[in-house]
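Written out below as structure tokens is the structure these notes cover.
Every chain is numbered from 1, with letters handed out A, B, ... down the list of sequences.
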Amino acid sequence: MKIKKHAHQILESNTAYLFTFPYFISFLIFITIPVVIGMLLSLTYFNLLEAPKFIGLNNYVYLFTADDAFMQDVIPNTLQFVVLVGPIGYFLGFLLAWLLAQLPQKLRTILALVIYSPSMTAGITMAVMWRIIFSGDDSGYLNAFLLNLNIISQPIQWLQNPDYLLVIMIVVTLWSSMGIGFLAMLAGVLNINQELYEAAYVDGMKTKFQEIFYITIPSMKPQMLFGAVMSLVATFNAGAIGAQLSGQNPTPQNAGQLIVTHLEDYGFIRYDMGYAAAIAVMLLLLVYIFSRVAFKLFGDQDGK
Amino acid sequence: MPQSISGETIESLFDYPSYYSKSLEWDALGLDPINKTYPISLETLTSLGNDLKNDSEGRVFLHVEAGQTLSHSLFIEDEGLYILELSYQSLTQSIKPIKLSIMINDEIQYEELSRVELPTLWSQHREVTLDRFGNEIVPASFQVYETITYQVSDSVGLHPMPLRMYLNEGINTLSFNLIDGSLGLYDLEITYQEDLLTYQDYLSNHDMIKPDDMIAIQGEDLYLKSDPSIRSGNNRDAKVTPFALMQTKLNILDGMTFSKQNQAIFYQFDVSQAGFYPITFKVLQNGMVNSKVYRNISINGQIPFKEAMHIPIKYSRDFQYITPSLDNEPLLFYFKEGLNVLGIHVDMSNTLMLQEGIKLLMKQMNQTTLDIQKITGNQVDNDRDWDLETYLPNLGDDLMSMRNLIASLIDVWISYHSDKSSPVLTSLRLSLQRMTVLANEPNDLPKKILEFSIGSGSVLALLGNILPFINEAPLGIDILYIGSDIDDLPALKGSFFLRLWIGIQRFFLSFFTEQYDDAKDPETLEVWVNRGRAYVDLMQQMADSLYTTETNKKVRISLMPDENKLILANAAGAQPDVAMGIAAWRPFEFAVRNALYDLRQFDDFTDVANRFAPGSFLSLTYDNGIYAMPETQNFQLLFYRKDVLNALNIPLPNTWEEVKEILPELQRFGMNFYIPLANNSSFKSFDTTFPFIAQFGGELYQDDGLSVSFDHPNTIEALDLMTDFFKIYALPVEVGSFYQRFRYGNLPIGIGDFSMYVQLLHAAPEIAGLWDIALIPGIEHNGTINRSFVGASTVNVIFTASNKKDDAFDFLNWWSKTETQITYAERLLTSFGSAFLWNTANREAFLGMSFDSTHQQIIYEQWSFVLDPIKVPGSYMVERSLSNIFNEVVYDGVLLRTSIEDQSLTANREIIRKMIEFGYINSQGAVLRPFNMPTLELLASWGIS
């Protein structure tokens with residue numbers, strides 16, 4: 001009886017299923033199946049040229065016990081990178097969105113486009129521009145500038161020197177981090193009912209800060225959550241920037257080695273795709289954990 | 001030979017004045033050209049036993065070969081300036097120009113006479129070959145052996161008129177030394193230059209008939225050309241004739257190939273009625289932004305009148321019509337009835353002032369830099385003030401005159417081109433701006449020496465960067481109209497709707513083009529090549545015409561833009577039978593994973609292998625098998641500036657010890673020595689690290705291949721030397737581009753590779769003749785010098801999954817044959833020009849190629865030292881570890897021994913991991929089967945030596 005009822009319900013709502021079907025199919029093909037295959041591959045030895053061989057959890061054992069670079073450089077770099085770029089980028093995104101919302105509409109549209117565009121430009125073109133700025137000889141903009149001011153006497157190898165690479169990666173990523181999350185937040189700020197503000201002022205609110213904390217942020221929680229998740233995912237995936245800037249993978253002395261670069265090193269340079277898949281699974285886990293934290297911070301109690 | 005150079009200083013070969021300065025000198029003396037002609041009879045030319053011969057028409061000629069000298073004494077009645085005219089026929093088979101030097105009374109009067117080039121004429125095959133998609137392929141060129149009458153001119157093309165030579169009254173001795181090529185000399189005379197007619201006189205020389213005929217000639221239909229590298233190309237513009245929607249049609253004369261000094265093209269056409277015709281060219285001059293290019297026009301071998309010279313063609317992004325005109329009236333050219341030949345000649349005379357001015361400036365600036373560094377030394381303290389003018393009282397004036405010279409060069413440029421922003425003008429203005437600042441504060445020059453001459457954005461560098469720009473004058477030609485009014489010509493640009501319609505058609509047709517839907521044929525050998533389109537097309541052509549016709553085996557060669565495709569294709573089971581032109585490090589990685597077939601399984605592999613240097617196989621060998629054969633070869637060579645080293649009296653080093661000895665002298669003048677370890681990547685590849693280890697006789701691995709031997713005494717010695725160069729001997733740590741710094745002269749000596757050699761030959765005209773190559777320095781062991789280097793370039797492989805392995809090997813065997821390689825090299829040169837130098841890995845073929853023969857010998861000798869690093873599973877980690885050792889010691893000041901110990905651990909761990917992976921040891925470390933390390937001795941025992 002119960003089954004019949006269920007079937008009936010499904011039939012009832014089949015138009016709804018029909019509408020979700022295209023998305024469902026593409027999600028299945030492009031997300032679910034690759035993730036599952038990746039997880040399966042992480043349990044194998046797979047060198048891209050021969051068929052994969054099942055080796056159990058060996059890849060994970062090696063990852064946690066023997067991969068020096070992973071534990072000593074990659075994880076610290078990645079956490080440092082994520083902790084700095086994620087929250088700062090997120091805060092900047094909110095701040096800029098809020099500031100833009102205060103502007104007249106035309107100016108706002110233009111500025112929003114300007115701020116948004118770096119995140120659209122492909123990583124390579126971006127790196128080409130930044131590589132000229134940070135070029136290691138005296139023709140690099142930064143070096144030329146500092147040399148002219150007599151702050152330094154010799155050009156500095158910004159991109160080859162392990163001391164500077166990670167900082168530069170963070171700066172460049174922040175510059176391009178005003179992406180879809182920023183746009184969502186801008187929409188969120190603009191969507192807030194203006195009557196709320198008026199009502200609050202009637203109730204005795206005095207400053208803009210109170211406005212932000214008591215009205216703006218609570219009213220745009222969904223967009224805040226969306227922005228947080230997007231910025232986390234983007235930051236974890238932004239690993240390639242180190243290799244692009246320094247022009248090599250692995251980055252000099254592993255200074256800019258993030259999980260993604262480490263993964264590419266194993267997958268495409270050392271032909272060890274099984275191990276690379278294991279690293280990818282770890283990346284997935286990290287992203288998942290961090291996004292749970294974001295849900296805890298910004299999610300509504302009911303909507304998860 | 002370089003040995004003979006060692007220890008001595010390099011002789012100066014460049015101390016003649018330029019023709020420009022010599023002319024000024026003559027003009028000041030009031031010397032005049034003399035209108036007299038003195039023929040020189042062939043019989044009187046004394047030479048080294050060469051005889052007079054008769055050609056097929058019975059005419060007498062003197063056969064002269066490279067290296068021979070002809071001399072002749074003759075009585076001249078009047079002192080003055082003469083020119084030299086010769087009639088000759090080229091007898092050279094190769095693309096190399098015929099070069100000679102001319103001495104008058106045992107003296108080379110000016111630099112241009114030390115390297116006179118005699119033009120040769122070329123043509124190309126008329127019938128069009130198509131590739132398998134119906135695209136037209138650039139036809140090969142061949143030399144046309146015709147008698148050419150030539151008045152000796154400047155080989156750099158700066159002087160439009162023949163070179164004048166000074167002869168005394170009385171007996172003069174002339175001698176000609178043929179440097180390169182061979183020729184049959186028919187006629188030789190000392191004569192004078194007749195003045196060109198003015199246009200008015202020219203018009204009155206013939207009856208004024210203006211026929212209504214109209215003749216159209218396609219720009220790509222050349223009759224003759226002066227240089228095999230001039231070739232036709234494809235343009236997809238809607239109005240270009242002939243037009244093709246999808247296929248590549250050779251429908252214009254490719255402007256990029258018709259852009260160098262002394263190039264000329266000739267069109268032949270039939271005129272039915274003699275008379276005066278105007279000429280209109282449909283040209284594309286989009287290469288030189290906001291500048292003009294110039295051309296001269298000749299008719300039937302002669303420039304008809306003055307105004308036919310220096311015809312300007314302005315910049316335009318689209319095709320434009322150019323009608324040579326005078327006062328807005330089209331110039332009329334007289335054509336006789338019957339066949340006429342119209343010549344279009346590149347005219348570079350407009351750049352003369354600029355070239356001479358910049359060369360003078362660069363010379364003065366280098367001299368000033370040396371003068372200053374003699375006083376201040378190399379290290380400049382920014383907080384110290386100098387009173388330079390006490391030591392160099394003229395410094396201020398000198399700088400000001402340099403500044404003024406730059407200002408006058410700007411005026412020259414604007415008068416010839418335009419005052420709109422162009423790369424040359426911007427560089428000139430920028431250097432004027434900087435120079436003005438510098439000239440106002442001469443005493444600050446030591447602090448600003450980077451801006452003056454040493455830095456990569458200095459005035460010197462800016463000026464140096466101009467030279468390649470002004471040596472180019474590209475002009476593409478779609479069609480020529482003879483005898484038409486410009487109003488009657490077809491529209492230049494298709495209408496918007498036409499272009500839109502063509503765009504739409506192309507877009508949709510692109511879904512159906514065969515190019516992306518290339519079905520496999522089981523009978524045909526599949527070959528993927530990672531190289532440019534031009535190379536691949538030519539390979540296919542040769543395979544079809546030379547290999548398939550002979551063996552009846554079909555080969556299909558496809559372009560592989562990215563080597564990584566091989567991995568994916570292999571995973572999908574869609575790999576080709578043969579892959580060519582792939583990076584030399586890859587076969588090992590593929591071989592350990594069983595994707596490649598062992599070439600030693602083929603019976604005649606040993607014969608094939610002996611075409612290559614045995615040292616190249618070390619990195620291609622794995623476990624008693626050889627999995628690839630070399631295709632191209634890279635070299636490391638010592639490049640040096642003859643002018644700089646000669647001025648400083650510095651000998652060429654043969655060993656690293658001798659390098660250390662010359663460093664103080666170089667560094668005293670702010671110069672240095674470059675080794676590839678100083679390239680601007682912090683990852684130091686085997687190419688840069690391993691040669692030192694090999695030269696010291698060091699080892700990378702223990703004999704069992706299971707661990708590294710960085711602590712081998714010789715390896716440690718090598719690492720010591722490598723790091724000491726930077727820690728103690730102050731070699732530059734990071735060099736952006738050795739090529740550029742070599743051109744500016746502040747790194748006048750250093751080690752470069754084959755691509756640098758090609759670049760210097762073709763892209764650095766300002767130092768042509770001022771540099772040379774030698775064997776790289778090495779380490780002396782009991783009197784012989786070990787100059788080992790890593791020369792890995794590209795290789796060819798056969799896949800295990802192929803079911804046509806024998807055919808595949810047969811094809812590779814044919815391809816690597818000496819004759820095939822020489823043909824390929826020659827065809828590349830004749831189809832695409834001299835920059836397409838094919839660095840074949842076949843040693844015998846290399847010697848047979850058209851190449852500067854002394855350089856060929858040096859490169860060949862260096863080649864015998866090639867030693868590529870052995871590979872073991874995980875050796876990429878060894879490469880990284882070596883790089884890390886270098887970086888840690890040089891940058892972080894870590895002790896070498898400590899670093900070696902740390903990095904050995906990392907590298908060993910990776911090797912062990914990989915050895916377990918490939919089943920050589922088990923996880924407890926017990927050896928399951930031995931890993932065989934290749935050595936030169938092992939290769940020799942297989943017959944490869």
query = Do A:Leu48 and B:Arg593 come within less than 4.5 Å of each other through their side chains, counting heavy atoms only?
reply = no
If I measure from the heavy atoms of chain A, does [X] come under 4.5 Å with its side chain, its backbone, both, or neither?
X	answer
B:Phe683	both
B:Lys914	side chain
B:Phe918	side chain
B:Ala571	both
B:Asn564	neither

Starting at [atom1] of [X], measure out to [atom2] of [Y] and round the result to the nearest 0.5 Å.
X	Y	atom1	atom2	value
B:Asn887	A:Gln253	CG	CD	5.0 Å
B:Ile567	A:Tyr271	CD1	OH	3.5 Å
A:Leu49	B:Phe590	CG	CZ	5.0 Å
B:Ser685	A:Gln248	OG	CD	10.5 Å

Note: [X]-[Y] ion pair, threshold 4.0 Å (strictly below):
X	Y	result
B:Arg880	A:Asp265	yes
A:Asp272	B:Arg913	yes
A:Arg270	B:Glu589	no

Let me know if [X] has heavy atoms under 4.5 Å from chain B in its side chain, its backbone, both or neither.
X	answer
A:Tyr275	side chain
A:Phe268	neither
A:Tyr45	side chain

One option among B:Met877, B:Lys448, B:Arg909, B:Glu888 has the most heavy-atom pairs under 4.5 Å with chain A, and it is B:Arg909
field: Within 6.0 angstrom of B:Glu901 CD, more than 12 heavy atoms from elsewhere
entry: no
Exercise. Give a yes or no on whether A:Phe21 atom CZ has more than 12 heavy-atom contacts from other residues, nucleotides or ligands under 6.0 Å away.
Key: no
Ranked by heavy-atom pairs below 4.5 Å to chain B, first place among A:Ser246, A:Pro250, A:Ala69, A:Ala51 goes to A:Pro250
